[in-house]
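Everything on this sheet refers to the single structure shown next.
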Amino acid sequence: MRFFKYIILFIASLIWIIGLSPVLSIKMTAQDSYRYGDLYRLSNLSEFKDLRKECGDYKLPTHKTSPKKIHLYIIGDSFTEKQRVGKKDFVVDEYTYVHWSEVLHVKPDTSQINILLLESVERHFREKFAKAPIQNLIADSTTFIAKSASPPFMNQLDNAFRSKSTEGRLDELLFQNDFILALKQMKADFNYHVFNRVNKEVTRINDGKDIVYYMDTDTPETTSSFSKIRNSEIDSMVYHLNKTQEIAIKIGFDQVILSIIPNKVSVLSPTYDIYNQLISRIYSNTELNLRVIDVYSDFQKLGGNSYLKGDSHWTCEGQYLWLNKTNSIIQQIVEKPNL
């Protein structure tokens with residue numbers, strides 16, 4: 001009996017340690033917890049369970065070759081991460097992707113055409129440019145990508161024991177297998193159909209036909225598509241974007257492109273509340289000097305085909321549309337770099 005107790009204690013301790021460690025949690029998780037979509041992972045509602053499918057190979061548009069090599073640098077978030085797009089999807093010779101949480105130390109090759117693409121989902125755009133120009137682009141003697149500075153040890157310790165982070169890792173380890181998901185799905189469906197309750201981190205829109213991330217709708221701060229934005233804040237963000245372009249050109253980039261990916265709710269249900277029109281107000285500002293990739297009206301035409309049913313990210317159709325527009329702008333830069 002005592003031996004059995006020690007076994008239980010050992011297993012419980014091992015699970016607890018894995019829950020505290022992001023690295024161990026990733027190594028020990030057998031299945032991809034996002035395989036049915038990030039919104040399904042939060043809601044577990046059966047009608048939004050949609051197994052993620054890999055997009056087929058994107059066909060590059062017909063393009064003219066350039067006498068100079070083209071190097072595309074992307075500083076972006078999850079829409080341009082390597083699981084979704086890569087060098088093969090762009091009419092370029094070299095390609096570097098950096099997440100906003102990382103720092104790009106760079107020395108551009110002046111014999112090439114160096115293009116910097118700033119990609120941000122709408123919900124996080126304000127926090128990036130409301131108060132300052134870009135913070136993770138640094139001129140250096142060579143090019144490399146570095147992680148952002150680590151917080152002090154005590155902060156790291158606090159984060160390790162923070163209940164929400166640990167809870168998420170334990171959930172991924174123990175409760176994301178298909179058997180447990182089926183039970184969670186039954187519970188979620190019962191709560192919705194009987195009590196009209198869903199996970200607080202998602203919002204049902206369009207009479208329950210669609211689901212979006214709660215940060216797009218309900219937060220009173222900067223992430224919601226319906227939080228108010230003063231004209232002065234728009235002007236400040238445009239000013240910081242122009243300063244960002246100045247910094248990039250001084251470092252050695254030839255052009256800077258801006259792409260704000262719309263929140264899912266901004267496309268599927270802009271009348272959920274009073275839409276703040278963030279994207280159009282930035283893009284149409286007469287002071288903005290950057291080239292832009294605008295897919296908002298195109299996504300509205302696509303409607304539900306622009307975003308995955310159980311996920312906050314775009315469909316292959318939406319992704320290809322964005323890639324076509326991006327490659328078109330790259331070609332314009334190659335043909336007329338001074339415009």
Side-chain angles (χ1 to χ4, degrees), residues 58 60-61 63-122 124-125 127-129 132-149 237 240-261 282-283 288-295 314 319-320 322-339:
Y58 167 70
L60 288 175
H63 59 280
K64 297 179 180 178
T65 56
S66 169
K68 287 186 175 182
K69 286 188 176 182
I70 307 165
H71 193 151
L72 175 65
Y73 296 78
I74 294 182
I75 299 180
D77 56 28
S78 59
F79 281 83
T80 47
E81 63 189 0
K82 63 181 180 180
Q83 292 88 341
R84 291 185 169 86
V85 299
K87 178 179 179 293
K88 63 182 177 57
D89 299 309
F90 300 98
V91 288
V92 299
D93 301 290
E94 295 187 34
Y95 176 81
T96 301
Y97 169 79
V98 183
H99 193 272
W100 283 103
S101 63
E102 300 170 323
V103 179
L104 174 61
H105 294 253
V106 62
K107 184 181 181 182
D109 183 345
T110 55
S111 68
Q112 301 177 341
I113 298 174
N114 297 288
I115 301 171
L116 176 63
L117 169 56
L118 306 174
E119 176 270 312
S120 172
V121 66
E122 184 180 3
H124 294 306
F125 179 76
E127 65 193 41
K128 293 180 174 68
F129 291 103
I134 194 167
Q135 299 293 297
N136 58 334
L137 180 66
I138 298 175
D140 212 323
S141 57
T142 188
T143 298
F144 64 95
I145 300 168
K147 299 292 182 182
S148 298
M237 287 188 282
H240 293 141
L241 285 166
N242 289 339
K243 282 295 181 182
T244 295
Q245 179 168 256
E246 291 177 16
I247 292 169
I249 290 175
K250 187 175 181 180
I251 289 174
F253 287 95
D254 297 283
Q255 291 285 337
V256 181
I257 307 171
L258 172 64
S259 176
I260 308 174
I261 308 298
I282 292 290
Y283 284 178
L288 184 69
N289 295 329
L290 283 70
R291 297 178 188 245
V292 301
I293 302 167
D294 187 0
V295 295
W314 50 28
Q319 177 179 305
Y320 294 164
W322 182 85
L323 285 170
N324 284 335
K325 288 207 164 192
T326 302
N327 282 315
S328 176
I329 290 179
I330 291 172
Q331 279 292 288
Q332 290 173 26
I333 291 172
V334 171
E335 293 171 9
K336 299 179 180 179
N338 296 322
L339 287 182

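Numbers for residues simply follow the sequence, beginning at 1. Because the structure is predicted, anything quoted here is derived from the model rather than measured.
Here the side chain of N327 pairs a donor or acceptor atom with the backbone of D89 at under 3.5 angstrom. Checked by atom type and distance alone, the side chain of Y97 pairs as donor or acceptor with a backbone atom of G76 at under 3.5 Å. Side-chain N or O atoms of D77 include none that pairs as donor or acceptor with a backbone N or O of W100 at under 3.5 Å.
Rounding to the nearest 0.5 Å places NZ of K107 at 8.0 Å from OG1 of T142. To the nearest 0.5 Å, atom CH2 of residue W322 and atom CZ of residue R84 are 12.0 Å apart. Between the NZ atom in K243 and the CG atom in N289 there is a gap of 11.0 Å [rounded to 0.5 Å]. Taking CZ of F253 as the reference point, atom CG of L116 lies at 5.0 Å (rounded to 0.5 Å). The distance from the CD atom of E94 to the NZ atom of K87 is 8.0 Å, given to the nearest 0.5 Å. The CD atom of E246 sits 9.0 Å away from atom OG1 of T244, with the distance rounded to the nearest 0.5 Å.
Residues E122 and I260 form a side-chain contact, since some pair of their non-hydrogen atoms from C-beta on lies under 4.5 Å apart. Two residues are said to be in side-chain contact when any heavy atoms from C-beta on lie closer than 4.5 Å; I70 and V91 fail this criterion.
Of all heavy-atom pairs spanning S259 and I261, the tightest one is OG-CD1, 3.6 Å.
Paired with D254 under the rule side chain to side chain contact (heavy atoms under 4.5 Å, CB included), one option of I113, I333, I249 passes, and it is I113.
Below 30°, between 30° and 60°, or above 60°: for W314 and F79 the angle between ring planes is above 60°, a perpendicular geometry. Between F129 and F125, the ring-plane angle classifies as tilted under the 30° and 60° cut-offs.
V292 pairs by the side chain to side chain contact (heavy atoms under 4.5 Å, CB included) definition with L258, Y283, L288, not counting sequence neighbours.
A donor and an acceptor atom, one from each side chain of R291 and Q255, are located under 3.5 Å apart.
No more than 12 heavy atoms of other residues, nucleotides or ligands sit less than 6.0 Å from atom NZ of K64.
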